[in-house]
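I have placed the structure first, in the form of structure tokens, so that the comments after it can refer back to it.
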There are 2 protein chains.
Amino acid sequence: MADTSGVPEPTLDEQIAAYQREFRDLDPQVEKIVSALGRLNRRMNVAYGRQTANLGISSADWEVLKALVLSGAPYRMGPSDLAKRLGLTPAAMTHRIDRMVAEGLVTRERDESNRVRVIVELTPEGRGKWLEAMRMATVFEGELLQDLSPEERTALGEVLTRLLRRVEHAQPDAGGRLSDLD
Amino acid sequence: MADTSGVPEPTLDEQIAAYQREFRDLDPQVEKIVSALGRLNRRMNVAYGRQTANLGISSADWEVLKALVLSGAPYRMGPSDLAKRLGLTPAAMTHRIDRMVAEGLVTRERDESNRVRVIVELTPEGRGKWLEAMRMATVFEGELLQDLSPEERTALGEVLTRLLRRVEHAQPDAGGRLSDLD
DNA sequence: TATGTACTCTTTAGCTTCTAAGTCTTCAGA
DNA sequence: TCTGAAGACTTAGAAGCTAAAGAGTACATA
């Protein structure tokens, strides 16, 4: 285990001040938003990781469980669809499914109507783990947002989805400029 | 390279609707905020990763460059401080520095005043890469936020730092409940 | 001065997880 | 029936990590 003590991350404001010293053309307000977003997400992922670890599942497991649950009952997908969905090669997906079968989270069997295909199906235990993880996550999320008024929640949701739309319909090229893809 | 075509991620609203079907106790507004945060961050990280890849540096390199720049001139740190800062073991740090020395991004030399220690120092080339990456990142960030009014930017920055403060001073325990650490 | 101890970094061995490339099986169409 | 395409698995190997052992240096203390 890596030792994290002794050399603390600078606070958000310290970091922005340092950036301004090292890089002239910096809008501190933009940087504050972007850095806070990044940090907030990092902390939240640490929290989620701890919670799923307490359930004995890795974040790799979690991704697969999520994809299967989102596919809806009867919670079945083929390995290659899962691989595409998660951005893995089929080989990596094979290994990941091996592990999850051993852990009892999913089953793997041939599709009898087309024996080239394989069906990965969520077990009741896998679904239970997903439900438990969701339960813990929603408690955490509720407490995280508890100080926000209803108006603030509405406004925050609206602004974030606006930013998300913008980043989903555009990606930066080599020069760092947003360019429409469609 | 993994194939991502053909099995698209559900839209944010589709995903939340699916969550509600599978998990009763879900506040859709909370979930929308949290999911948008996660997606936004993921897309941004993809964008940053593309930009730094265009400069020929990995995200591992980027973390080290950032830590050294933030330490301020003369941009020097010891391997163990870097390791603690980045959450790596000293062994992993040794390997990472090996690579970066080979890439010309940093130098490594003994501290002559205390020959137990080693000094990792940013090269002008390493600093140039950091500056170039920052230039691209700020252009991207500016365009990302360009539709937000000054009031919206202020409000967003304020809300995000509030959430960040909350998550930094509390971490969930096994039950998913936020509990103060200090 | 000598020596034990602590500190810092590196080396070694091994693990995990990924990719690329090749193989096997099955199905569809000429 | 033959052939090609598609899906999943196997194998080989790369990358990056950890833990633990090792080597070199500094320092306190007898």
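Here is the naming used below: chain letters follow the sequence lines, and residue numbers restart at 1 for every chain. Keep in mind that this is a model prediction, so the values were computed, not measured.
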Can you build the contact string for nucleotides 6-16 of chain C? Use B for base contact, S for sugar-phosphate-only contact, and - for no protein heavy atom under 4.0 Å. -BSSBBB----
May I ask you to decide if B:L148's main-chain N or O and B:R153's side chain share a donor-acceptor pair within less than 3.5 Å? yes
Could you state the atom-to-atom distance from CG of B:L86 to P of D:dG16 in whole Å? 14 Å
Contact list (N/O, under 3.5 angstrom) for nucleotides 28-30 of chain C vs protein:
none

Rounding to a whole Å, what distance do you find between B:E63:CD and D:dG16:C1'? 13 Å
With a 4.0 Å cut-off on N to O distance, would you call A:K129 and A:E103 a salt bridge? no
Measure from CE on A:M77 to P on D:dG7 and round the result to the nearest Å. 13 Å
Output yes when A:E168 and A:R162 qualify as a salt bridge under the 4.0 Å nitrogen-oxygen rule, no when they do not. no
Rounded distance in Å - CG (B:D111) to P (D:dT25): 13 Å
Let me spell it out: for each of A:S58 and A:R115, pick the nucleotide of DNA chain C with the closest heavy atom. Which residue's pick is nearer the 5' end? A:S58
Gap between atoms CE and C1', on B:M100 and D:dG16 respectively (whole Å): 15 Å
Note: A:R96-A:D61 ion pair, threshold 4.0 Å (strictly below): no
Does the pair A:R108/A:D98 count as a salt bridge with the N-to-O cut at 4.0 Å? yes
Does a side-chain N-to-carboxylate-O contact under 4.0 Å join B:R39 and B:E9? yes
The salt bridge (charged side-chain N to carboxylate O under 4.0 Å, His left out) partners of B:E125 (sequence neighbours excluded) come to none
Determine, stepwise, if the pair B:D13 / B:T11 fulfils side chain to side chain donor-acceptor pair (under 3.5 Å). CA-CA 5 Å; B:D13 288 331; B:T11 67; 5.6 Å; no
